[in-house]
Amino acid sequence: MTILVFAEHNNTQLKGDTLKAVAAALKIGGDIHVLVAGHNAMGVAEQVAAVKGVSKVILAQDAALEHPVAEALAPMLTELAPAYSHLIAAATTTGKNVMPRVAAALDTAQVSDIIEVVSADTFKRPIYAGNAIATVQSHDSLKVITVRVSAFDAAPATGGGASIESIPVPAQQITATVIGQALAKSERPELTAARIVVSGGRALGSAENYQALIAPLADTLGGAAGASRAAVDAGFAANDLQVGQTGKIVAPELYVAIGISGAIQHLAGMKDSKIIVAINKDEEAPIFQVADYGLVADLFDAVPEMTTALSH
Ligand code: FAD
């Protein structure tokens, strides 16, 4: 049994989510290879080679692979697939873009967003926004899998000693190019990787209030800022800060929900957080059913007080 994990990176740095995908591969067992497709990405290949449990790094380099373009990556994975029992990627925006194309090309039923490996062919995955857990057995000879990163601890980044094998990139595979990229820059940690997340909801009332209340508390705690969909739809916070079923799924050590009611679609994105703190002026708010610590208070009083107390 040999598994191929798809690595995400920015040509310099391996993304932590890939270590979670490797962790899932380690649970399945067997030989683990990792595909690093990029441009001037030898440094990334070396980082992957050091990951404990990886036996081979497959390095595909081409200027057209500088950005993770699914149109270029999917044919490459499809071509490599026959040598493997499992193809695994993190269930990130990129993983969710690339892997279904590969599964379709291979006529394989993808097993998406797994949270547990039961055996080499059986996996657990949430359905109905996390309200039920399905145990799925795949009879496909080649299994295409995406991994929910919040459900796996990262594989150790050091301690490995994999070989690096370069493979050629056929020019005809590159059918799309990136002509520009606009990235939101933030000094705060990335939402899905943060140990602490402070999220604000509709109750904030405006983008100004979000900036004035959520951002300082997140910064004081050294955490990421998040938001409910209502707050995002109302323009209080950027789209990529949405936590929930149709946003990001997070499981930090501490999640602080401020002025968020706790709709099931929001809970689907954060209920696996280790400690949940909720501030809401309605003591009947559903968020209190999942909260470890609840404060029934007006957020406009409680949040500045809390931020001040924590900064001393
Ligand atoms: P509300 O539900 O309006 O809650 C605001 C809360 O603030 C209330 O509990 C209120 O008591 C409290 N409050 C008001 N004033 C104050 C105050 N001054 N101080 C303290 N507390 C106060 N939602 C998500 O978040 N993420 C998703 O990914 C997502 N996906 C969805 C997908 C689908 C298909 C659908 C149908 C919905 C989805 N939703 C999602 C929307 C979800 O159903 C809720 O509408 C949304 O989460 C509500 O956001 P909220 O809690 O900020 O607002």
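Every number for a ligand or one of its atoms is a count from 1 in the order of the listing. Only a predicted model underlies this, so the values are computations on that prediction, with no experimental measurement involved.
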> Need the ligand 1 atom indices (1-based, order shown) with element for anything under 4.0 Å from a heavy-atom of Ser228.
25 (O), 49 (O), 50 (P), 52 (O)
> Look at the aromatic rings of Tyr255 and His266 and report parallel, tilted or perpendicular, splitting at 30° and 60°.
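Tilted: the ring planes of Tyr255 and His266 meet at 30° to 60°.
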> Does any part of the side chain of Ile3, heavy atoms only, come nearer than 4.5 Å to the side chain of Ile28, both counted from C-beta?
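Side-chain contact under 4.5 Å: yes.
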> Between Ala297 and ligand 1, find which residue part has any heavy-atom pair under 4.0 Å and reply side chain, backbone, both or neither.
backbone
> Over all heavy atoms of both residues, which pair between Ala225 and Tyr210 is shortest? Give the atoms and the distance, please.
CB-OH, 3.5 Å
> Can you list the ligand 1 atoms lying under 4.0 Å from a non-hydrogen atom of Gly247?
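Listed by number with element: 28 (O).
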> Hey, are the side chains of Glu71 and Arg101 touching, using non-hydrogen atoms and a 4.5 Å cut-off?
yes
> Which residue supplies the protein heavy atom nearest to atom 33 (C) of ligand 1, what is that atom called, and how far is it?
Arg229 NH1, 3.6 Å
> Say whether Pro286 and ligand 1 are in contact under the criterion: heavy-atom distance to a ligand atom below 4.0 Å.
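The answer is no: ligand 1 sits nowhere under 4.0 Å from a heavy atom of Pro286.
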> For ligand 1, is there an N or O atom under 3.5 Å from any N or O atom of Val243?
yes
> Taking everything shown except Glu283 itself, do over 12 heavy atoms lie less than 6.0 Å from its CD?
no
> Does Lys248 reach the main-chain N or O of Gly269 with its side chain, forming a donor-acceptor pair under 3.5 Å?
no
> If you have a sec, work out which protein heavy atom is nearest atom 3 (O) of ligand 1 and how many Å separate them, to one decimal?
Arg202 NE, 2.6 Å
> With atoms numbered from 1 as shown, which atoms in ligand 1 lie under 4.0 angstrom from a non-hydrogen atom of Gly244?
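Counting from 1, the qualifying ligand atoms are 26 (N), 27 (C), 28 (O).
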> Check whether any side-chain N or O of Asn280 sits under 3.5 Å from a backbone N or O of Gly259 as a donor-acceptor pair, and report yes or no.
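Absent.
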> Using heavy-atom distances, let me know which of Gln242, Glu283, Met270, Gln265 sits nearest atom 37 (C) of ligand 1.
Gln265
> Need the ligand 1 atom indices (1-based, order shown) with element for anything under 4.0 Å from a heavy-atom of Asp298.
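The list of qualifying atoms is 17 (C), 18 (N), 19 (N).
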> Are any side-chain N or O atoms of Gln47 and backbone N or O atoms of Leu14, one a donor and one an acceptor, separated by less than 3.5 Å?
yes
> Do me a favour and list the nearest non-hydrogen protein atom to atom 7 (O) of ligand 1 with residue, atom name and distance?
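Here the nearest protein heavy atom works out to Gly259 O, 3.2 Å.
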> Which pair of non-hydrogen atoms, one from Leu59 and one from Ala41, has the smallest distance, and what is that distance?
CD1-O, 4.1 Å
> Please indicate whether any nitrogen or oxygen in Leu299 is less than 3.5 Å from any nitrogen or oxygen in ligand 1.
yes
> Nearest to atom 30 (N) of ligand 1, what protein heavy atom do you find, and at what distance?
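Looking only at protein heavy atoms, the one closest to atom 30 (N) of ligand 1 is Thr246 OG1, 2.6 Å.
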> Which residue, Val147, Thr94, Thr92, forms the side chain to side chain contact (heavy atoms under 4.5 Å, CB included) with Asp17?
Thr92
> Can you tell me if His139 uses its side chain to pair, donor with acceptor, with the backbone of Asp121 under 3.5 Å?
no
> Looking at atom 2 (O) of ligand 1, what's its closest protein heavy atom, distance included?
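Going by distance alone, atom 2 (O) of ligand 1 is nearest to Ser261 OG, 2.6 Å.
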> With a cut-off of 4.0 Å, which atoms of ligand 1 are near a heavy atom of Gly201?
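Ligand 1 atoms under the 4.0 Å threshold to Gly201: 52 (O).
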> Atom 21 (N) of ligand 1: which protein heavy atom is closest, and how many Å away?
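The answer is Lys281 N, 3.1 Å.
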> Going by the atom numbers of ligand 1, which of them fall below 4.0 Å from some non-hydrogen atom of Phe300?
18 (N)
> Hey, is ligand 1 close enough to Ile279 that some N/O pair sits below 3.5 Å?
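Min N/O separation from ligand 1 is not below 3.5 Å for Ile279.
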> Do the side chains of Glu253 and Lys274 get close enough for a salt bridge, i.e. N-O under 4.0 angstrom?
no
> May I ask you to decide if Arg229's main-chain N or O and Gln242's side chain share a donor-acceptor pair within less than 3.5 Å?
no
> Please state which protein non-hydrogen atom is closest to atom 9 (O) of ligand 1 and give its distance, to 0.1 Å?
Asn280 ND2, 2.8 Å
> Return the option from Ala129, Ala278, Ala230 holding the heavy atom at the smallest distance from atom 48 (C) of ligand 1.
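Nearest heavy atom to atom 48 (C) of ligand 1 lies in Ala230.
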> Below 4.0 Å, non-hydrogen atoms only: which portion of Ala263 touches ligand 1? Side chain, backbone, both or neither.
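It is the side chain that touches ligand 1; the backbone stays farther off.
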> Look only at the side chain of His9 and the backbone of Asn11, and say whether a donor-acceptor pair between them is shorter than 3.5 Å.
yes
> Starting from atom 16 (C) of ligand 1, find the nearest protein heavy-atom neighbour and note its residue, name and distance.
Ala203 CB, 3.5 Å
> With a cut-off of 4.0 Å, which atoms of ligand 1 are near a heavy atom of Gln245?
27 (C), 28 (O)
